[in-house]
Amino acid sequence: GDWSSDVCSSDLNNILRRLREDTVTTINETSYSQLIATFVNDAKNDLEDTGHLWSVFITAVDDTILADGTTTYDITETNDRSYLLRRPTRPELPMAIDITSNETGQLFDVPYSELLARRNLDTNPTYQTEIPKTFSVVTDSDGRGFTIELLWGANEARSWRTWWYIPQADLAIDDTDSGTEIKLPARPIELRALYYALEERGEVLGPRQGSNAWTRSQDAIANAIENDQQINKDWEFKAFNNVEYL
């Protein structure tokens, strides 16, 4: 759905209607609309954390590796829920490719402790500086994303492409995100947020899994995942192995 200030969030107003509450024109119009917006964010996070690799969050990031020996490259697109993807048929390899013109090649990641050990033990890194291939993923300085740390800096410019899973950040409930689109399907988010609203009111009775609202949200999530799996057959990974997984 759209987190749109013109008609407010379609997700949010649909939930308010189901609760027999007045609809709103801005997300922060009432304290209750802000509470429902919080539940929408919770529901969005639930979908993102199901373990399914949502195709909309698969992001290719291109970086220029400088020829001045720089070893740290901040992946500014990432957040603290992101992670580097791995090749489906060879999970020991990261989705990380040197795409420098006419010199495409697989890159290799190692644990940061291993990178530090190699850096201190290797006294002749010349072979690594012309075409660097080894790196680690480390948390950035504010803990809100990630950086790539090369084993050795390059002495010639390179072009690297890495693929990440980058879930959407929570949408602000003060209306500053009013033009931001919620990227995941609307129905499972609405139904899961509705469940949270009913639970907050004390209207959900009996075991959690036995409630109608919970069951409907679970079914909607399962259907959304099944639909997205069809899309995943045609994502960027297919270019590397030409394999379908369904």
Chemist: What orientation do Phe57 and Tyr165 show, parallel under 30°, tilted 30 to 60°, or perpendicular over 60°?
Modeler: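 Geometry flag for Tyr165 against Phe57: perpendicular rings.
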
Chemist: Indicate whether any N or O donor in one side chain lies under 3.5 Å from an N or O acceptor in the other, for Asp22 and Tyr32.
Modeler: no

Chemist: Would you say the side-chain atoms of Glu149 and Thr72 include a donor-acceptor pair closer than 3.5 Å?
Modeler: yes

Chemist: Are Ile75 and Val137 packed together at the side-chain level, in the sense that at least one heavy-atom pair is separated by less than 4.5 angstrom?
Modeler: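 No, their side chains stay 4.5 Å or more apart.
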
Chemist: State the CG-CZ distance between Leu194 and Arg18, to the nearest 0.5 angstrom.
Modeler: 6.0 Å

Chemist: Report the distance from atom CD1 of Ile58 to atom CG of Leu53, rounding to the nearest 0.5 Å.
Modeler: 4.5 Å

Chemist: Got a salt bridge between Arg161 and Asp63, using NZ or NE/NH1/NH2 to carboxylate O under 4.0 Å?
Modeler: no

Chemist: Begin from the C-alpha positions of Gln168 and Leu184 and carry the test side chain to side chain contact (heavy atoms under 4.5 Å, CB included) through to its verdict.
Modeler: CA-CA 9 Å; Gln168 187 174 15; Leu184 290 179; 6.0 Å; no

Chemist: Kindly determine whether Leu93 and Phe108 satisfy side chain to side chain contact (heavy atoms under 4.5 Å, CB included), including the steps that lead there.
Modeler: CA-CA 6 Å; Leu93 297 177; Phe108 303 91; 3.7 Å; yes

Chemist: Could you tell me the separation between the CG atom of Asn41 and the CD1 atom of Ile182, rounded to the nearest 0.5 Å?
Modeler: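 Those atoms lie 7.5 Å apart.
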
Chemist: Less than 3.5 Å apart, any donor N or O on the side chain of Trp164 or Thr162 sitting next to an acceptor on the other?
Modeler: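 Yes, because at least one side-chain N or O of Trp164 sits under 3.5 Å from a partner of the opposite role on Thr162.
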
Chemist: Would you call Glu156 and Arg158 a salt bridge, taking side-chain N to carboxylate O under 4.0 Å as the test?
Modeler: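 Looking at Glu156 and Arg158, the cut-off is met.
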
Chemist: Start with the C-alpha distance between Tyr196 and Ile36, add both sets of side-chain angles, then the distance that settles side chain to side chain contact (heavy atoms under 4.5 Å, CB included), and finish with yes or no.
Modeler: CA-CA 9 Å; Tyr196 289 141; Ile36 298 303; over 6 Å; no

Chemist: Is there a path of hydrophobic side-chain contacts, each under 4.5 Å between heavy atoms of I/L/V/M/F/W/Y residues, joining Ile131 to Trp160?
Modeler: no

Chemist: Among the clusters formed by ILVMFWY side chains lying less than 4.5 Å apart, do Phe39 and Leu198 turn up in the same one?
Modeler: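 Phe39 clusters together with Leu198.
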
Chemist: Looking only at heavy atoms, which two atoms of Ala67 and Ala157 are closest? And how far apart?
Modeler: CB-N, 3.5 Å

Chemist: Going by salt bridge (charged side-chain N to carboxylate O under 4.0 Å, His left out), Arg192 matches just one of Asp42, Asp46, Asp219. Which one?
Modeler: Asp46

Chemist: Does Phe135 form a side chain to side chain contact (heavy atoms under 4.5 Å, CB included) with Leu107? I'd like the steps, not just the answer.
Modeler: CA-CA 8 Å; Phe135 70 95; Leu107 303 174; 3.9 Å; yes

Chemist: CG of Leu115 to OG of Ser136: how many Å apart, nearest 0.5 Å?
Modeler: 4.0 Å

Chemist: Would you name the heavy atoms of Ala220 and Arg187 that are closest together and state the gap between them?
Modeler: CB-CG, 4.3 Å

Chemist: As an exercise, state the distance from CG of Leu12 to CD1 of Ile189, rounded to the nearest 0.5 Å.
Modeler: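 The CD1 atom of Ile189 is 12.0 Å from CG of Leu12, to the nearest 0.5 Å.
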
Chemist: Report yes or no: do Val61 and Tyr73 belong to one cluster of Ile/Leu/Val/Met/Phe/Trp/Tyr joined by side chain heavy-atom distances under 4.5 Å?
Modeler: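 Shared cluster, yes.
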
Chemist: Are any side-chain N or O atoms of Arg119 and backbone N or O atoms of Leu151, one a donor and one an acceptor, separated by less than 3.5 Å?
Modeler: yes

Chemist: Looking at Arg201 and Glu21, is any side-chain nitrogen of the basic one under 4.0 Å from a carboxylate oxygen of the acidic one?
Modeler: yes

Chemist: Does any N or O in the side chain of Tyr83 come within less than 3.5 Å of the main-chain N or O of Asp80, such that one atom is a donor and the other an acceptor?
Modeler: no

Chemist: Does one side chain, of Thr76 or Asp74, offer a donor that lies under 3.5 Å from an acceptor on the other?
Modeler: no

Chemist: Regarding Glu190 and Arg17, does a basic nitrogen lie under 4.0 Å from an acidic carboxylate oxygen?
Modeler: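 Between Arg17 and Glu190 there is no salt bridge, as every charged N stays at least 4.0 Å from the carboxylate O atoms.
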
Chemist: When you measure from the side chain of Thr38 to the backbone of Gln34, do you find a donor-acceptor pair of N or O atoms at a distance under 3.5 Å?
Modeler: yes

Chemist: Going by atom types alone, do Asp140 and Thr147 pair a side-chain donor with an acceptor below 3.5 Å?
Modeler: no

Chemist: Please check: side-chain N/O of Thr64 versus main-chain N/O of Leu66, any donor-acceptor pairing under 3.5 Å?
Modeler: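 Not at all, since once roles are kept as given, no pair shorter than 3.5 Å links the two residues.
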
Chemist: Hey, is the main chain of Asn155 close enough, under 3.5 Å, to the side chain of Asp68 for a donor-acceptor pair?
Modeler: no

Chemist: Test your reading of the model: is there a side-chain donor-acceptor pair from Gln106 to the backbone of Pro94, 3.5 Å cut-off?
Modeler: yes

Chemist: Taking a hydrophobic cluster as the set of Ile, Leu, Val, Met, Phe, Trp and Tyr residues connected by side-chain heavy atoms closer than 4.5 Å, whether directly or through intermediates, do Val138 and Trp152 fall within one such cluster?
Modeler: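 Yes, one cluster joins them.
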
Chemist: Compute whether any side-chain donor of one residue and acceptor of the other, for Glu29 and Thr25, lie under 3.5 angstrom apart.
Modeler: yes

Chemist: For Leu171, is there any backbone N or O sitting under 3.5 Å from a side-chain donor or acceptor partner on Asp177?
Modeler: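 The answer is no, because no donor-acceptor pair under 3.5 Å joins these two groups.
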
Chemist: If you measure from CD1 on Ile221 to CG on Leu47, what distance do you get to the nearest 0.5 Å?
Modeler: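 Output value for this atom pair is 4.5 Å.
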
Chemist: Using the rule that Ile, Leu, Val, Met, Phe, Trp and Tyr join whenever any side-chain heavy atoms are under 4.5 Å apart, tell me whether Tyr112 and Ile148 fall into a single cluster.
Modeler: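 No, it is not one cluster - the side chains of Tyr112 and Ile148 are not joined through contacts under 4.5 Å.
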
Chemist: Can you tell me if Asp228 uses its side chain to pair, donor with acceptor, with the backbone of Ala224 under 3.5 Å?
Modeler: no

Chemist: Between the side chains of Ser82 and Asn79, is a donor N or O closer than 3.5 angstrom to an acceptor N or O?
Modeler: yes

Chemist: Between Thr71 (side chain only) and Leu150 (backbone N and O only), is there a donor and an acceptor less than 3.5 Å apart?
Modeler: no

Chemist: Hey, are Lys133 and Asp109 close enough for a salt bridge, meaning a charged N less than 4.0 Å from a carboxylate O?
Modeler: no

